[in-house]
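Labels below follow one simple rule: chain letters A, B, ... track the order of the sequence lines, proteins then strands, and each chain is numbered from 1.
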Protein chains: 2
Amino acid sequence: MSENRERQERILAAAAELFVHYGYDKTTVDDIAREAGVSKGAIYLHFKSKDELFETLLVSEMQTYAEKWLELIDADPKGGTLAAMYKNSLYALNSSAFMAAMFKQDSRVLGNYLRKPDNFFRVMRDAQQESERYVFVKMMQDAGALRKDMDAKVIAHIMDMLAYSLVGIDDVLPNQDKPPTEDIIEGIAEIMDRALTPEGGGDSEAGKAILQQIAEASRQQLGIMKEAEQE
Amino acid sequence: MSENRERQERILAAAAELFVHYGYDKTTVDDIAREAGVSKGAIYLHFKSKDELFETLLVSEMQTYAEKWLELIDADPKGGTLAAMYKNSLYALNSSAFMAAMFKQDSRVLGNYLRKPDNFFRVMRDAQQESERYVFVKMMQDAGALRKDMDAKVIAHIMDMLAYSLVGIDDVLPNQDKPPTEDIIEGIAEIMDRALTPEGGGDSEAGKAILQQIAEASRQQLGIMKEAEQE
DNA sequence: ATATGACCAAATTTGTAATTCTGGTCAATA
DNA sequence: TATTGACCAGAATTACAAATTTGGTCATAT
């Protein structure tokens, strides 16, 4: 990795930590520079503005999330089933506080950035016709990895609900004896496995093939966004 | 119903509507009096303070919710299974905007009431050792209406997650083509039925018996709270 | 060529005095 | 006796100037 690239990574890492802890509003460019051990000017050699830095971080976190997801699936013996794939997406989501904040649109972290008229999230929502989750579930169903008698749109939405509440429920419903997150995710996986796997078991290999396909498309889309952002 | 009692109901109904629409902070006692068609003084003949009115409403909504739940179960042919019971709790929750706001601790509705040091919700949380949902799930498991190989605490928590996200996900994740709520609830019910019902089917009658038991306990607890509130 | 941090205009926050609003009371009324 | 609404003290909001902070720049240093 070039020295320049390495410094950019350091800046982004510092920014991620500060944004998660203090939020977009309370984190200043000076803070980021100090935390990353560079001068403020250096930040502006990498990013045109605070917002561009922030948006680069958003994209970067999404990429990291996608890669982590793929890794987990690859390492999972049952990785090709719909339930296992979904489960691993939850682990991936849960592994990054910043990504979790993005997913639940945490206003404490995203702050006034959310109010900007054409922020990253709005643009993304307007751009996509169908939710990524739905596309994924639909493909899995067509490939025989999800029972035909389930409505893919409904399943996709329930999956979003569970992901959302996995990272968001603590904010509003403090539960004294909440089970460990891992137990929750495994519980969800078991439920999904029983409820969604077609009779006779789904085709695990077909599932993995689909994932590669989606991953590739996703990488392309993120690449495009990264370019769009440079302008 | 006594004339006095009827007026109290009218006040509470008016308050519920205003609180849901404008929130606790922006709803004044004058507003409530006007909406209910009574004088402000009359409000204070029924309630010692705005907060007492509010808390009476909280308890009243919980009672209505519990009754609605029982009704739905009674009317449901499969009402005794765990999945059907849970499903009906979601319908009951979804049928009252105020109850939904309570469940998700919606700060737009509950406003500064939530900041009060010993508000209803804090008192309730401190009072109860185990979550109601867990008690319910555990009893159902002991009665043979939930597979033994599932952890009741985990299942209870996942049920809370789904309930929370059912009423809360719209606030942060606007989904252009979200399925109708009824389809979502039925989808959840189907998933739960497949995943939680023991081999050979659960004992539906035992389930209903348990519910009556819990309903009775719940009625008692709410009665106690109502008294505690009078002070 | 690269990197820095002093510097600045604009935005945000703070302090605070004036104003409005609101929960609660109670003398007057029906 | 039961009910009302004018009234009031304290709370909340507004207005706005002063002070501070912050995103971004660029002359200077390395």
Side-chain angles (χ1 to χ4, degrees), chain A residues 1-12 14-15 18-19 21-58 107-108 110-120 229-231, chain B residues 1-12 14-15 18-19 21-58 107-108 110-120 229-231:
Chain A
M1 178 151 42
S2 76
E3 212 167 296
N4 201 272
R5 177 82 198 170
E6 192 183 15
R7 188 171 63 172
Q8 173 150 334
E9 295 294 330
R10 222 171 52 246
I11 292 170
L12 287 174
L18 292 171
F19 284 134
H21 197 98
Y22 300 103
Y24 174 86
D25 298 336
K26 299 264 178 209
T27 300
T28 71
V29 177
D30 279 289
D31 291 338
I32 297 170
R34 200 177 319 116
E35 180 78 15
V38 302
S39 69
K40 178 149 80 156
I43 301 250
Y44 285 90
L45 293 176
H46 289 276
F47 309 98
K48 226 174 65 242
S49 66
K50 182 186 180 183
D51 281 4
E52 190 185 292
L53 186 164
F54 193 72
E55 280 159 7
T56 303
L57 182 59
L58 296 181
S107 62
R108 281 169 315 192
L110 274 18
N112 284 325
Y113 176 77
L114 288 176
R115 298 201 207 287
K116 312 222 171 195
D118 51 356
N119 70 51
F120 178 83
E229 215 166 90
Q230 302 297 338
E231 293 156 25
Chain B
M1 178 151 42
S2 76
E3 211 166 299
N4 203 272
R5 178 82 197 170
E6 193 183 16
R7 188 170 64 172
Q8 173 150 334
E9 295 295 330
R10 221 169 56 243
I11 293 169
L12 287 173
L18 293 171
F19 284 135
H21 197 97
Y22 300 102
Y24 174 86
D25 298 336
K26 298 263 178 211
T27 300
T28 71
V29 177
D30 280 290
D31 290 338
I32 297 170
R34 200 177 321 117
E35 180 78 16
V38 301
S39 70
K40 179 148 78 155
I43 302 248
Y44 285 90
L45 293 176
H46 289 276
F47 310 99
K48 226 174 66 241
S49 66
K50 181 185 180 183
D51 281 3
E52 190 185 293
L53 186 163
F54 193 71
E55 279 158 6
T56 303
L57 182 58
L58 296 182
S107 61
R108 282 169 313 191
L110 275 18
N112 284 324
Y113 177 77
L114 288 175
R115 298 201 208 287
K116 312 222 170 195
D118 51 356
N119 69 51
F120 179 83
E229 216 166 90
Q230 303 297 338
E231 291 155 26

Which protein N or O atoms sit under 3.5 Å from an N or O of nucleotides 8-13 of chain D?
none

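Non-hydrogen atoms lying under 4.0 Å from DNA chain D are contributed by A:K40, all within residues 35-43 of chain A.
Within 6.0 Å of atom OH in B:Y44, more than 12 heavy atoms from other residues, nucleotides or ligands are found, so the atom counts as buried in its surroundings.
With the end axes of the helix from C:dA1-D:dT30 to C:dA30-D:dT1 each set by five pairs, the angle from one to the other reads 30° at 10° resolution.
Although no hydrogens or angles enter the test, the distance criterion places a donor-acceptor pair under 3.5 Å between the side chain of A:Y113 and the main chain of A:F120.
With A:T28 as the partner, the side-chain hydrogen bond (donor to acceptor under 3.5 Å, both in side chains) test is satisfied by one option alone out of A:D31, A:D25, A:D30: A:D31.
Of all heavy-atom pairs spanning B:L114 and B:N119, the tightest one is O-ND2, 3.0 Å. Contact record, A:G37 with A:R10: O-NH2, 4.2 Å, taken as the closest heavy-atom pair. The minimum heavy-atom distance between A:T27 and A:L18, with the atom names listed, is OG1-O, 3.3 Å. Heavy-atom minimum distance, B:H46 versus B:E52: O-OE2, 4.1 Å.
The side chain of A:Y44 lies closest to D:dG24, out of C:dA3, D:dG24, C:dG24. Side-chain proximity of A:R7 to D:dT3, D:dG24, C:dT4: nearest is C:dT4. The side chain of B:T28 lies closest to C:dT22, out of C:dA3, C:dT22, D:dG23.
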> Hey, mind stepping through B:L12 and B:F47 against side chain to side chain contact (heavy atoms under 4.5 Å, CB included) and telling me if it holds?
Replying inline: CA-CA 11 Å; B:L12 287 173; B:F47 310 99; 3.9 Å; yes

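Between A:L57 atom CG and A:D51 atom CG the span is 12.0 Å, to the nearest 0.5 Å.
The aromatic rings of B:Y24 and B:F54 lie perpendicular to each other, with more than 60° between the two planes, well past the 30° mark.
Going from atom CG of B:D30 over to atom P of D:dC7 covers 14 Å, rounded to whole Å.
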